[in-house]
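A short worksheet on the structure shown next.
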There are 4 protein chains.
Amino acid sequence: MHAEIHLTMRSDARKEQQLKLSDMATTLSSGAQEPKRQRGHLRVAAIMEAGVAVFTEKGYDAATMTEIAARSNTAIGSLYRFFPSKESLADALLSRYVEDTTSSFTALADQASAMTPGQLADAFVDFMLSLQSQRSLAVALVDSRGGSDERRARFRETTRGSIATILRNAIPHLTKAQSETKAVVLLHVLKAVAGANDEKPAVRRRLLAEIRKLTRVYLEATQSDADDRLSAE
Amino acid sequence: MHAEIHLTMRSDARKEQQLKLSDMATTLSSGAQEPKRQRGHLRVAAIMEAGVAVFTEKGYDAATMTEIAARSNTAIGSLYRFFPSKESLADALLSRYVEDTTSSFTALADQASAMTPGQLADAFVDFMLSLQSQRSLAVALVDSRGGSDERRARFRETTRGSIATILRNAIPHLTKAQSETKAVVLLHVLKAVAGANDEKPAVRRRLLAEIRKLTRVYLEATQSDADDRLSAE
Amino acid sequence: MHAEIHLTMRSDARKEQQLKLSDMATTLSSGAQEPKRQRGHLRVAAIMEAGVAVFTEKGYDAATMTEIAARSNTAIGSLYRFFPSKESLADALLSRYVEDTTSSFTALADQASAMTPGQLADAFVDFMLSLQSQRSLAVALVDSRGGSDERRARFRETTRGSIATILRNAIPHLTKAQSETKAVVLLHVLKAVAGANDEKPAVRRRLLAEIRKLTRVYLEATQSDADDRLSAE
Amino acid sequence: MHAEIHLTMRSDARKEQQLKLSDMATTLSSGAQEPKRQRGHLRVAAIMEAGVAVFTEKGYDAATMTEIAARSNTAIGSLYRFFPSKESLADALLSRYVEDTTSSFTALADQASAMTPGQLADAFVDFMLSLQSQRSLAVALVDSRGGSDERRARFRETTRGSIATILRNAIPHLTKAQSETKAVVLLHVLKAVAGANDEKPAVRRRLLAEIRKLTRVYLEATQSDADDRLSAE
DNA sequence: TATGAATGAGTCTTCATTCAT
DNA sequence: AATGAATGAAGACTCATTCAT
C-alpha cells in the first residue's frame with residue numbers, strides 16, 4: 001500500500017520536470033532523480049563512484065546502500081533521493097557503462113573494416129584492456145544477479161550486437177546468424193581479460209599474451225572459414 | 001561497518017567447529033563412509049542435494065538455510081548440526097564438486113596422451129557438457145561470493161592444475177608455465193559451455209558448435225607453436 | 001518507544017510556531033483577508049486545497065507533505081513556511097471545515113424553529129448531503145488520528161453544540177442536557193450519510209432514503225417525548 | 001525478489017503441517033504460522049493481545065510492529081514467525097473478532113424470532129455492549145485503512161448479513177433488499193455504542209439510554225411499515 | 001523570500017544462528 | 001540427538017523537517 005502511494009506521488013511530482021530533464025536523463029534513465037543544482041551533480045557523481053566501488057568489491061547482493069551512502073559522504077536519504085532503489089543505482093551504473101562501451105565500440109567499428117583479423121584481435125583485446133576498471137563492475141552487476149533482469153538482458157544484447165557488427169565489417173561474407181554466434185563466443189573469450197586482472201602481475205602478463213593469441217587464432221580461423229565457404233560456391 | 005563487525009564475530013564463533021566440519025565434509029565427500037550412524041549420512045546427503053538445488057536456483061546470497069532445511073526435510077537445528085554455517089555448507093558442496101570433477105579429469109588425463117589436439121578439444125567440450133548440471137552450482141558458488149574466498153581459490157587452483165596436466169600429457173614440449181597459462185585460458189573458454197545453457201535451444205546448438213571449433217583451433221595452434229619452438233632449437 | 005520520543009521532540013520544537021500559525025490559520029479561514037501579500041494567500045489556498053485532496057484520498061498517515069507540496073505547485077520549503085508541521089496543516093483544514101460547517105449550521109438554526117420535526121429531519125439530511133465533499137475530509141482527519149487530539153475534541157464539541165442548539169430551537173421543552181445527548185446521537189446517525197457515499201448508486205439511494213426515515217422517526221419520537229413529559233407535569 | 005523467495009520457501013516448508021493444523025487454522029488463517037509447541041501458543045496469544053492494545057490505541061498506521069513485539073515480550077523475529085506481516089496480524093485480529101461476533105450473532109438470531117421489535121432493540125444494544133472492548137479494535141482496523149481492503153470488505157459483508165438475517169427473523173414481511181438496507185443503517189446506529197465509551201460515565205449512561213431509545217423507535221417503525229405494507233395489499 | 005537538497009530517525013521485514021525442550 | 005522457537009543485528013526504504021543558497 002505504501003509503495004503504491006509512493007510511486008503515485010512521485011509520478012505526480014515529477015511529471016513536469018521529466019520534460020526539461022529528459023535530455024540529461026540518459027545517465028540516470030533508470031528512475032533516478034535528476035539533481036537540479038550544482039551541488040546535486042557532484043553528489044550524484046560521488047554516489048556513483050561509491051556505488052562502483054562497493055558493487056565491485058562485494059557484488060550486488062552483499063553491497064549495502066548504507067555503505068554506499070557512507071563512502072560517498074551522503075546521507076542515506078539523499079542517496080535515495082537520486083536513486084530510489086538499490087536496483088536503480090545498479091541500473092544507472094550499468095547504463096553508464098553501456099554507453100561508454102557502446103561509443104567506444106562504435107569507434108572500433110569504424111576502423112574494423114580496414115583491419116586484418118589479426119589486427120582486429122589485438123584491437124579487441126586492447127579495447128577490453130581500456131575498459132578494465134569498469135569491466136569488473138559489469139561482471140559484478142551482469143554476471144551476478146544485480147539489477148533488473150530485463151536491463152541486464154538488454155545490456156548483453158547491445159554488447160553482442162556491437163561486436164557482431166564489427167565482425168561483419170571486418171570479415172565480409174559472414175551471415176548475420178554467424179556473426180551473432182561468433183560475437184557471443186568472442187565476448188566470452190574477451191571477458192577473460194577482466195579475469196586476468198585478479199592474477200599476479202607476472203601471470204597476468206602471460207595470460208594477456210595468451211588471450212591475445214587465442215583471439216587472433218579464432219578470428220583468423222573464422223576468416224578462412226568464410227573464404228572457404230565462398231570459394232566453394 | 002556494522003556488517004564487518006558482524007562477520008568477524010561470526011567467523012570467530014565458528015572457527016573450532018569448522019574443523020570438525022571439514023573432517024566430516026572430507027569424509028563425506030570422499031567415497032569412504034562410516035557404517036555406523038547410517039541415518040546421519042542419509043540426512044547429510046539430503047541436505048547436500050537440497051543445498052545444490054537451492055544454491056543453484058537462487059545463488060548463494062538469496063539462498064536461505066531455512067529453505068534448504070525444508071527441502072531436505074530436516075529441522076534447521078539438525079542442519080546446523082552437520083553444517084555449522086551457511087558458508088560451511090557451500091564449502092562442502094564445492095569440495096564435493098571439486099573431487100568429482102578432479103577424478104573425472106584424471107580419467108580424461110589418462111586418455112589425453114593418445115589424442116590429437118582436435119580430439120582433445122572435443123573431449124574437453126564433451127567433458128564440460130557432462131558436468132553441465134553440477135557446473136551451474138559451481139558458477140553460483142564460485143563466480144558469486146559463495147563460500148570462503150580461500151576455498152574458492154583452492155578450487156580454482158585444483159581445476160587449473162588438472163587441465164594443465166592434461167595439456168602436458170597431450171601436447172608434449174609444453175613447459176609447466178605454458179601449460180598453466182593455457183589451462184587458465186582454456187578453462188575460461190570452456191566455461192562458455194555452461195553459459196550456452198541459458199540460451200534458446202537453436203542458439204545453444206550453434207553456440208556449442210562454435211565453442212567446439214574455437215577449442216579445437218586453440219589447441220591445434222598450441223600444438224604447432226610447440227612444434228615450431230621445438231624445431232627452432 | 002522510539003516513536004514517542006520522536007513525537008515529543010517534534011511537538012516541542014514546534015510550540016512557538018504553532019502560535020503564529022494559528023493566527024494565520026484563523027485569519028485565513030475566516031472571511032477577512034489582508035490585501036497585502038496577495039501571493040501568499042493564493043499559495044496558502046492552493047496548499048489547503050491540495051491538502052484536502054491528499055488527506056481525503058489517502059488518510060492522514062499515508063498522506064505526505066511532499067505530495068501536498070507537489071500538487072499545489074509549491075516548494076516543500078514554502079509549504080513549511082506557512083504550515084510548520086503536517087499536523088498544523090491538518091488542523092488548519094479542520095478549522096476551516098468547522099467554520100464553514102458552523103456558519104451553515106447557524107443558517108439552519110434560524111429556520112429550525114419554524115420546522116416540524118419531520119421537516120427538520122429532512123433538513124438535517126440535506127444539510128449533510130450538502131457537506132458531502134468536505135465531510136470525507138473530516139472523516140479522514142477526525143475519525144482517524146489526524147491533527148492534534150485537542151483540536152479534534154474541540155471540533156466535535158463545536159459541532160455537537162450547533163446541533164444541540166438547533167434541536168432546542170425546533171423542539172422546545174428540551175433541557176440542555178437532553179439536547180446535548182440527542183445531538184451526539186443525531187450527529188452519529190447523520191454520519192451515515194457520508195458512509196453511504198462508498199456504496200453503489202442503487203444501494204446509496206436506498207440507504208439515503210432509510211437514513212432520512214430514521215432521522216425523521218427519531219426526531220418525531222423526541223418531540224412526543226418532550227410533549228409527554230410536559231403534559232405530565 | 002526476496003519476497004518471492006520467502007513466500008516460496010514458506011509454502012514448501014509448511015505444506016505438510018498445514019494439514020494437521022488446518023483445524024486450528026481458523027484463528028490464524030491469514031498466513032500466520034501456527035505454533036507447534038505449548039510455548040508457541042502462549043506467545044501467539046500474548047502477541048495478539050498486544051496487537052489489540054496497540055492497534056486500538058494508535059490505529060493501524062501508527063502502530064509499530066516493534067511496539068507490539070515489546071509489549072508482548074517477544075523478539076521481533078518471533079513476532080514475524082507467527083505473523084509474517086503487519087497486515088497479517090491485523091487480519092488475524094479481525095478474523096478472531098469476526099468469529100466471536102458471528103457466533104454471538106448466531107445465538108442472537110435464534111432468539112430473535114420470538115422477540116418484539118422493542119426487545120430486539122434492547123438485545124442489539126446489549127449485544128454491542130457485550131462486544132465493547134473488542135469493538136474499538138474493529139473500529140481501528142476497519143474504519144481506518146488497516147489490513148487488506150478485501151478482508152475488511154468481507155468482514156463488513158458478514159456482519160451486515162448477520163444483522164439482516166436477524167431482522168428478517170424478527171420482522172417477517174421484510175424483503176431481502178429491505179432487510180439489507182436496514183441492516184446497514186442499524187449497524188451504523190449501533191456503532192454509536194462503541195463511541196459512547198469515550199465519554200465520561202455520566203454522559204455515557206445518558207448516551208446509551210438514548211441509543212437504546214433510538215434503536216427501539218427505529219425497529220418499531222420498521223415493524224409498522226411492514227404491517228402497513230402488508231395490510232395495504 | 002523561495003527553493004529543493006540534505007538529514008537521519010524510524011519503519012517493516014529477513015535470516016543466520018543459538019538454545020531450551 | 002532432534003526439533004523448532006527465539007533472537008536480534010542488519011538491510012532497504014520513507015518522509016517529516018531543516019537549512020544552505
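Throughout, a chain's letter reflects where its sequence line sits, starting with A, and its residues are numbered from 1. The figures that follow rest on heavy atoms only: side chains count, while hydrogens, waters and symmetry mates do not.
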Gap between atoms [atom1] and [atom2], on [X] and [N] respectively (whole Å):
X: D/F82; N: F/dT7; atom1: CZ; atom2: P; answer: 10 Å
X: C/F83; N: E/dA2; atom1: CZ; atom2: P; answer: 14 Å
X: D/M65; N: F/dC13; atom1: CE; atom2: C1'; answer: 17 Å
X: D/I47; N: F/dA5; atom1: CD1; atom2: C1'; answer: 11 Å
X: C/D61; N: E/dC12; atom1: CG; atom2: C1'; answer: 15 Å
X: B/I68; N: E/dT14; atom1: CD1; atom2: P; answer: 18 Å
X: C/L89; N: F/dT17; atom1: CG; atom2: P; answer: 11 Å
X: D/L79; N: E/dC15; atom1: CG; atom2: C1'; answer: 16 Å

I want to verify a distance call: between [options], whose nearest atom is closest to the [X] side chain?
X: C/A75; options: E/dG4, E/dC12, E/dT7; answer: E/dG4
X: B/S85; options: F/dC13, E/dT17, F/dA6; answer: E/dT17
X: D/Y80; options: E/dA9, E/dT14, F/dA16; answer: E/dT14
X: A/T64; options: F/dT3, F/dA12, F/dA6; answer: F/dA12

Phosphate-side-chain proximity, [X] and [N], N/O vs OP1/OP2 below 4.0 Å:
X: B/T66; N: E/dC15; result: no
X: C/R81; N: E/dT1; result: yes
X: B/S78; N: F/dT3; result: yes
X: D/R43; N: F/dA6; result: yes

- prompt: Atom CG in D/L89, atom CE in D/M65: separation rounded to 0.5 Å?
  reply: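 With rounding to 0.5 Å, CG (D/L89) is 5.5 Å from CE (D/M65).
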- request: Measure the shortest side-chain to side-chain distance between C/D61 and D/Y60 over non-hydrogen atoms and say whether it is less than 4.5 angstrom.
  value: no
- prompt: Does some side-chain heavy atom of D/M48 sit less than 4.5 Å from a side-chain heavy atom of D/V52?
  reply: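 A side-chain contact is absent here, since even the closest heavy-atom pair is not under 4.5 Å.
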- request: State the pairing partner of F/dA1; accept Watson-Crick or G-U wobble contacts with both distances under 3.5 Å, and report none otherwise.
  value: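 The base-pairing partner of F/dA1, which may sit in any strand shown, does not exist here.
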message: Students often get this wrong, so: under 4.0 angstrom with heavy atoms, is C/A69 touching a base, only sugar-phosphate, or nothing?
response: nothing
- request: Please lay out, stage by stage, how B/K86 and B/F55 fare under the test side chain to side chain contact (heavy atoms under 4.5 Å, CB included).
  value: CA-CA 11 Å; B/K86 188 179 182 180; B/F55 280 134; 4.1 Å; yes
- request: Would you mind telling me which residue lines up with the more 5' stretch of DNA chain F, A/I76 or B/G77, judged by nearest nucleotide?
  value: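 Of the two residues, B/G77 wins.
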- prompt: Would you say the side chains of C/T66 and C/T64 form a donor-acceptor pair under 3.5 Å?
  reply: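 C/T66 vs C/T64: no donor-acceptor pair found between side chains.
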